[in-house]
S.K.: 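This is the structure I have questions about; it appears just below.
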Amino acid sequence: MRISFWLLDIDSHKPGPRPEVRLWGIDEEGKRVLLIDKNFLPRFYAVPRNDSSQNVLINRCSRIEGVAEVRPAKKRFLGKELTCAEIWVKDPSSMDKLAKKISNLDVVAGCYEHDIRYTMQYLILRDLPPCKFVEVEVSPTSKPEDAQIDSAYEVTGEFKLSEVEESPELRTLSFYCVIPGKRGSPDPRNSPVVMISIITPDGETICLEAGNDDSELLKDFCEVIKSSDPDVIFGYGTNKRDWMYLVERAKVNGMKLPVGRIGLFPHTSAYGHVSVTGRANLDLLDFVEDIQEIKLKTLRNAADYLGVMPENEGPEILEYELYDYWSRKREVLRDYARHNVRRVRGLGEKFLDFGIQLSQVVGLPLDHVAAAAVGFRVEWFLIKEAVRRGELVPPRKEAFAGSYVGGMVLKPEPGVHENIAVLDFASMYPNIMMLNNVSPDTYIPPDEPDPPQGCYVAPEVGHRFRKEPPGLYREILSELIRARREVKEKLKSLQEDSPYYRVLQARQKALKVIANATYGYTGWVGARWYLKPVAEATAAWGRYYLRSIIAMAEEAGFKVIYGDTDSIFIRYREGVEDLLNRIEEKLSLDIKLEKVYQRIIFTEAKKKYAGLLEDGTMDLVGLECVRGDWPDVARKAQREVVRIVLTTKEIREAREKAKSFIRKYMEDVRNLRVPLRDFTIWKEITKKEYKARTPHLKVAEDLRRMGWKIKPGDKVGYVVVKGSGKLYERSVPFFSARPEDIDVDYYIDKMILPAVMRILKFVGVKESELKGGGGLEAFL
DNA sequence: GCGTGGGGGATACCG
DNA sequence: ACCGGTATCCCCCACGCG
């Protein structure tokens, strides 16, 4: 029989002599099904030292224990054709060992693709995209007795992409755990999970609560999951924290934690994601990490930023207060947990479409792709496409991280400007790579002569790339960009509120993310396709094109006020369209009039400016007010000053307004008439060992002494208090300072004044005018 | 012994 | 565990002065 199947999760096991791939998913009727494929073995390639020994190689390999079959194969490696042996392996878990053994044979130059997991080989070789309907021939088989599914089948045919583009209706479950620590971070050996709030697939909210211990709670949690049988589980911070904690607690209680569609425990797997067999466990923090505008990645902030729930809704309880609320204000804690699980679900709804599309594009299962860093998302996309093209996948190797010169940044013309146009190249780096066929497989090393078809030569650095045939990057980038253009075209004909619109919107975003990260990927030492000249040449061409458009703009009589990497800022006037056309014609690169600022202000610094668009929105770029490591007192003050300067017609009037605002604001700060949290400075702990003494490291030490486990990736919030000595000696955790201890002079002199003066000095304000409120200092 | 200036560490931004 | 370019703060130490 033939079924439609949508892949949610994949795993493998080995019940007998042959391994099995298990595909967990949903059929077109909405049945939860398990497909079992007993006819797939993994394979890798052995490349002989020279062509003549291919037969010898095949013979030698065939006789090795654990090899199922050896076939001759023709492949390409970095553009070079080669013949090799395709070695099929009986037991996936022995592939590495086998490859190592074969690598050591005297007739073998090297082995490839043994480092690609069995399940990923399956998806790629069988052309099975995750999160997409496919049709496949199957035969019914008996359900594994402990598997929670409607039916099981054995795969008997090939997968064929289905016409159906929609996703099935997924059952989602959201959960939020409350885990108080008596003193600092909770320890699973002695601190129980006290509450789990859940929103089931039916929309029912359940709030589980611990009794004397959490064994009932954990049992009930598993029971809710089992009975509501979700396809997707949403949580926040669950990959790094909650799941591990729940598993540890289960072990302490001598229990299992059977939350999957089979198996007794969730387990940590690739990219640090926690795998719940048969379901997709998604940690929404993984998506929030990619949103740079959210500085402090709390559930509350993320939900607020994304319009899921205002930050002031529901009680706010800080981590160190949880234990107290559990002991004495439990009703508030329940309310808190209920609000937070709603936040989790809201975020899940925001990100699910994107996750699904990313999974389709990249080819990694949904839960993997969500947790994978950008580099790995790009890489799996490349791996899938390379295999499809018969190109061997390079192994990951230790490489020396040689640095190279990147993009070009112009010194801005400081001051206030009006009517400024921004011209920028559309997807500059991807287009450069396509245009000049920049790719690891088209690169010509210095010792090789020019090929007959000719080559592109990068400016400044001189790296050469074959004109023909098209390289891997040219192929995959043009495919990504073509697909995205097609999706964007289709979007135009759809209603913005239709579900399909949301799907396509997510799809074009997924395609863009991958295309835009490809240049960065080429310069990543850890990349399988890392090749410094590829990144170096791309950047060199970028500088060349930027210089070209600067010259063309100046030739046309425009003054270039600023520029960064792929853009220039010029006065907007007659002739801009003309300039754009001439640039496109000369350079064969898309360039656009990106925006026009009514007014824009630059300081002397690069990468920092504030502009007012025609529609009244403000762009704040690089300034202190967009940086998460400045306290809100300084950020708010600067932001308001910028707003005044940009929106007040007369500069003279703006100056006076800004002055009186800042004077008053500083008075408010001095008298603590601003929210206390606006003094907190947040900084990330980025590593284990430090050379320097800094405020945030000293505070991290304080917190550790208090029992908090501070790890790289954590942010510490501190305030500066009055007293003598170094700044770091006067920095304390934000929650342990009394308002009257705060060193308001520090905040005014070192944070607020510098931040606002950087703007105000360009409208004629002197620092002395702000300090004394027009007093004596003004005359000094 | 004390103030200063510059180098370097650390962080987070831009494109 | 994506790149290089950049600003900014703070710490620290060499240096000059007395």
Side-chain angles (χ1 to χ4, degrees), chain A residues 270-272 289-290 292-293 295-296 371-379 382 396 399 401-412 422 424-430 433 513-532 534-540 542-543 546 562-569 594 603-609 619-631 634-635 681-687 689-698 700 712-713 715-716 720 725-731 746 749-751 754-755 758:
Chain A
Y271 315 116
E289 294 279 8
D290 295 339
Q292 295 314 305
E293 288 84 353
K295 310 294 173 185
L296 199 57
V374 185
F376 291 107
R377 291 175 182 171
V378 172
E379 187 150 280
L382 285 171
R396 203 174 289 292
S403 69
Y404 65 92
V405 183
M408 184 168 76
V409 191
L410 307 186
K411 267 210 190 91
V422 183
D424 74 359
F425 288 115
S427 308
M428 186 181 74
Y429 285 141
M433 295 170 82
V513 164
I514 302 302
N516 285 350
T518 303
Y519 157 71
Y521 173 84
T522 67
W524 173 33
V525 219
R528 288 175 184 263
W529 275 277
Y530 171 71
L531 190 61
K532 197 177 90 170
V534 167
E536 192 168 38
T538 305
R543 295 191 299 275
L546 189 67
Y562 178 61
D564 186 351
T565 311
D566 61 354
S567 69
I568 55 170
F569 291 55
E594 179 70 11
T603 68
E604 287 102 343
K606 296 171 175 180
K607 295 185 182 280
K608 294 190 172 195
Y609 57 87
D619 274 351
L620 300 169
V621 181
L623 294 166
E624 287 73 16
C625 60
V626 300
R627 294 183 60 105
D629 58 347
W630 280 68
R635 297 174 63 190
I681 299 167
W682 291 94
K683 279 197 164 75
E684 190 182 311
I685 300 294
T686 59
K687 40 187 172 180
E689 303 255 4
Y690 282 90
K691 289 179 183 168
R693 296 281 284 150
T694 69
H696 81 294
L697 295 176
K698 181 264 182 186
K715 281 209 169 162
V716 299
V720 176
K726 296 263 180 286
L727 197 62
Y728 64 81
E729 294 167 308
R730 298 191 284 122
S731 302
Y746 167 78
D749 294 334
K750 297 292 162 57
M751 303 265 114
R758 273 193 264 282

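No hydrogens, no waters, no symmetry mates; every other heavy atom, side chains included, goes into these values. Lettering follows sequence order; numbering is per chain, from 1.
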S.K.: What is the distance from CG of L410(A) to C1' of dT6(C), rounded to the nearest Å?
M.R.: 13 Å
S.K.: Between dC11(C) and K691(A), is there an OP1 or OP2 to side-chain N/O distance shorter than 4.0 Å?
M.R.: no
S.K.: Base, sugar-phosphate, or nothing for Y562(A), non-hydrogen atoms under 4.0 angstrom?
M.R.: nothing
S.K.: Starting at atom CG of L546(A), determine the distance to atom C1' of dG4(C), rounded to an integer number of angstrom.
M.R.: 15 Å
S.K.: Using a heavy-atom cut-off of under 4.0 Å over every strand shown, decide if V378(A) touches base, sugar-phosphate, or nothing.
M.R.: nothing
S.K.: For a quick check of understanding: with a heavy-atom distance under 4.0 Å over all strands, which category does Y728(A) fall into, base, sugar-phosphate or nothing?
M.R.: sugar-phosphate
S.K.: When we call it a touch if two heavy atoms are under 4.0 Å apart, what does A535(A) touch: a base, just sugar-phosphate, or nothing?
M.R.: nothing
S.K.: Just checking T686(A): base, sugar-phosphate only, or nothing, at a heavy-atom cut-off of under 4.0 Å?
M.R.: sugar-phosphate
S.K.: Find the distance K606(A):NZ to dT8(C):P and express it as a whole number of Å.
M.R.: 12 Å
S.K.: Can you see if the side chain of K607(A) gets near the phosphate of dA7(C) - specifically, an N or O under 4.0 Å from OP1 or OP2?
M.R.: no
S.K.: To the nearest Å, give me how far apart CG (L531(A)) and C1' (dC2(C)) are.
M.R.: 16 Å
S.K.: Any side-chain to backbone donor/acceptor pair from K715(A) onto L296(A)? Under 3.5 Å, distance only.
M.R.: no
S.K.: Among T538(A), V378(A), V534(A), exactly one meets side chain to side chain contact (heavy atoms under 4.5 Å, CB included) together with Y519(A). Which residue is that?
M.R.: T538(A)
S.K.: Scan K532(A) against the nucleic acid and name what it touches under 4.0 Å (heavy atoms): base, sugar-phosphate only, or nothing.
M.R.: nothing
S.K.: Regarding R693(A), tell me which of base, sugar-phosphate or nothing describes its non-hydrogen contacts under 4.0 Å with the strands shown.
M.R.: sugar-phosphate
S.K.: For M751(A) and dC9(C), give me the distance from atom CE to atom P, rounded to whole Å.
M.R.: 6 Å
S.K.: Starting at atom CD of E624(A), determine the distance to atom P of dA7(C), rounded to an integer number of angstrom.
M.R.: 12 Å
S.K.: At 4.0 Å (heavy atoms only), tell me whether F376(A) reaches a base, stays on the sugar-phosphate, or touches nothing.
M.R.: base
S.K.: Tell me what Y530(A) touches on the nucleic acid: a base, only sugar-phosphate, or nothing, going by heavy atoms under 4.0 Å.
M.R.: nothing
S.K.: Verify the contact: side-chain N or O of Y690(A) to OP1 or OP2 of dC10(C), cut-off strictly under 4.0 Å; return yes or no.
M.R.: no
S.K.: Going by side chain to side chain contact (heavy atoms under 4.5 Å, CB included), L546(A) matches just one of D566(A), V409(A), I568(A). Which one?
M.R.: I568(A)
S.K.: Okay, side chain of R377(A), backbone of I514(A): is any donor-acceptor separation there less than 3.5 Å?
M.R.: no
S.K.: Determine yes or no for a side-chain-to-main-chain donor-acceptor pair under 3.5 angstrom, with R543(A) supplying the side chain and G406(A) the backbone.
M.R.: yes
S.K.: Output the rounded distance in Å from CH2 (W682(A)) to P (dC9(C)).
M.R.: 22 Å
S.K.: Quick one: label Q292(A) by what it contacts on the DNA or RNA (base, sugar-phosphate, nothing), any heavy atom closer than 4.0 Å.
M.R.: nothing
S.K.: Between dC2(C), dC9(C), dA7(C), spot the one nearest the side chain of V374(A), thanks.
M.R.: dC2(C)
S.K.: What's G526(A) touching, base or sugar-phosphate or nothing? Going by heavy atoms closer than 4.0 Å.
M.R.: nothing
S.K.: For DNA chain B, which nucleotides open and close the run of contacts to chain A, 5' to 3', at under 4.0 angstrom from a non-hydrogen atom?
M.R.: dG9(B) to dG15(B)
S.K.: For a quick test of reading the model, state the closest non-hydrogen atom pair linking R528(A) to Y521(A) and the distance between them.
M.R.: N-OH, 3.3 Å
S.K.: So which atom in K608(A) and which in L623(A) form the shortest heavy-atom distance, rounded to 0.1 Å?
M.R.: CB-CD2, 4.0 Å
S.K.: Is a salt bridge present between K606(A) and D564(A), judged by a nitrogen-to-oxygen distance below 4.0 Å?
M.R.: no
S.K.: Does any N or O in the side chain of R693(A) come within less than 3.5 Å of the main-chain N or O of K698(A), such that one atom is a donor and the other an acceptor?
M.R.: no
S.K.: Base, sugar-phosphate, or nothing: which does G523(A) touch, judged by heavy atoms less than 4.0 Å apart?
M.R.: sugar-phosphate
S.K.: Give R543(A) one of three labels, base, sugar-phosphate or nothing, depending on what nucleic acid heavy atoms sit under 4.0 Å from its own.
M.R.: nothing
S.K.: Give the rounded distance in Å between these two atoms: CD of E289(A) and P of dC2(C).
M.R.: 12 Å
